[in-house]
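We name chains A, B, ... by the order of the sequence lines, and we start the count at 1 in each one. Computation of the quantities below employed the complete heavy-atom set of this structure, encompassing side-chain atoms and omitting hydrogens, waters and symmetry-equivalent molecules.
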Amino acid sequence: MTITKEFLEQPTLELARQLIGKELVHETTQGTLSGKIVEVEAYKGPEDKAAHSYGGRRTSRTEIMYSAPGHVYMFLIYGMHHCFNIVSGPIGKPEAILIRALEPIQGIELMLKNRFGIKESYLRSQYRNLTNGPGKLCKAMQLNMDLYGQTLMDNHSVSIRHSQSVDDSDIIRSPRINIDYAEEHAALPYRFHLRDHPHVSKA
DNA sequence: TCAGGGATTCTT
DNA sequence: AGAATCCCTGAC
């Protein structure tokens with residue numbers, strides 16, 4: 001069962017928490033790809049120095065963050081890697097949640113092909129390395145700039161499904177990764193991940 | 001118009 | 001620890 005508008009309208013930090021354990025699904029022409037969300041980070045709009053929308057920055061890149069929750073915010077980082085984000089918060093408040101790691105569920109062979117181009121024997125050893133980072137999961141799941149501005153709801157190619165619920169005691173909250181430039185906001189506990197899960201990004 | 005830097009990943 | 005690699009942003 002797919003998530004609802006009401007689910008997406010939760011405050012950003014609660015939505016981030018609730019996304020842990022959900023299944024991210026991408027229907028491609030080559031098949032269905034999906035994975036369980038095991039790590040996310042919240043970016044809280046104008047008042048968060050780590051956010052692209054800090055200070056109300058509103059450009060063609062960040063524009064979608066000002067729209068309704070549930071839109072897809074894609075961006076390219078370091079000239080090479082895509083990152084997949086879900087717009088959150090009320091309309092006009094530019095918040096978003098970065099999906100940082102998945103546990104592969106469906107379409108694992110295609111994901112391996114997308115990531116490494118190869119080969120059955122290579123598979124097993126690389127399984128844990130398939131989607132354990134924001135750029136890696138985009139490559140594996142074929143998430144790219146074409147998805148910018150899509151909605152997670154209206155029968156688009158990307159969606160999120162409910163799965164088994166996750167207990168609070170299995171979730172770790174900690175500071176976000178690679179945002180040293182955010183000064184006093186670098187220490188905010190806006191990262192959520194499953195405890196001891198092998199597909200959480202290392203850092 | 002242009003220089004600087006980045007919500008990363010892979011290799012050395 | 002350093003490279004790859006290029007779009008976005010803000011300043012000039």
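- Bracketed by its first and final contacts, the part of DNA chain C lying under 4.0 Å from non-hydrogen atoms of chain A reaches from dA4(C) to dG10(C) in 5' to 3' order.
- Remark: Arg17(A) pairs with Asp168(A) by the salt bridge (Lys or Arg N to Asp or Glu O under 4.0 Å) rule, at least two apart or across chains.
- Checked against Glu103(A) for a side-chain hydrogen bond (donor to acceptor under 3.5 Å, both in side chains), the options His199(A), His197(A), Arg128(A) give a single hit: His197(A).
- Evaluation of the salt bridge (Lys or Arg N to Asp or Glu O under 4.0 Å) test over residues 60-79 of chain A, restricted to residues two or more places apart or in two chains, returns Arg58(A)-Glu63(A).
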Reading 5' to 3' through nucleotides 6-12 of chain B, protein heavy-atom contacts under 4.0 Å coded B for base, S for sugar-phosphate only, - for none: BBBSS--
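- To the nearest 0.5 Å, atoms CG (Leu130(A)) and CD1 (Ile108(A)) are separated by 7.5 Å.
- Looking at residues two or more places apart in sequence or on another chain, you find a side chain to side chain donor-acceptor pair (under 3.5 Å) between Asp167(A) and Ser169(A).
- Gln10(A) is linked by a side chain to side chain donor-acceptor pair (under 3.5 Å) to nothing, counting only residues two or more places apart in sequence or in another chain.
- Residues passing the salt bridge (Lys or Arg N to Asp or Glu O under 4.0 Å) test with Arg161(A), sequence neighbours excluded: Glu23(A), Glu27(A).
- Within the structure, side chain to side chain donor-acceptor pair (under 3.5 Å) contacts touching residues 184-194 of chain A (residues at least two apart or in different chains) are Glu39(A)-Arg191(A), Lys49(A)-Glu184(A).
- His52(A) pairs by the side chain to side chain donor-acceptor pair (under 3.5 Å) definition with Tyr73(A), not counting sequence neighbours.
- Contacts with DNA chain B (heavy atom under 4.0 Å) in residues 143-153 of chain A: none are found.
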Nucleotide-level pairing of DNA chain B, given in dot-bracket where Watson-Crick and G-U pairs need both distances under 3.5 Å and | marks other strands: ||||||.||||.
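- None of Leu137(A), Thr131(A), Val38(A) except one satisfies the side chain to side chain contact (heavy atoms under 4.5 Å, CB included) rule with Ile99(A); the exception is Leu137(A).
- Under the rule for a side chain to side chain donor-acceptor pair (under 3.5 Å), Asn178(A) has no partner lying at least two apart in sequence or in another chain.
- Using a cutoff of 4.0 Å between basic side-chain nitrogens and carboxylate oxygens, Glu41(A) and Arg176(A) are not scored as salt-bridged.
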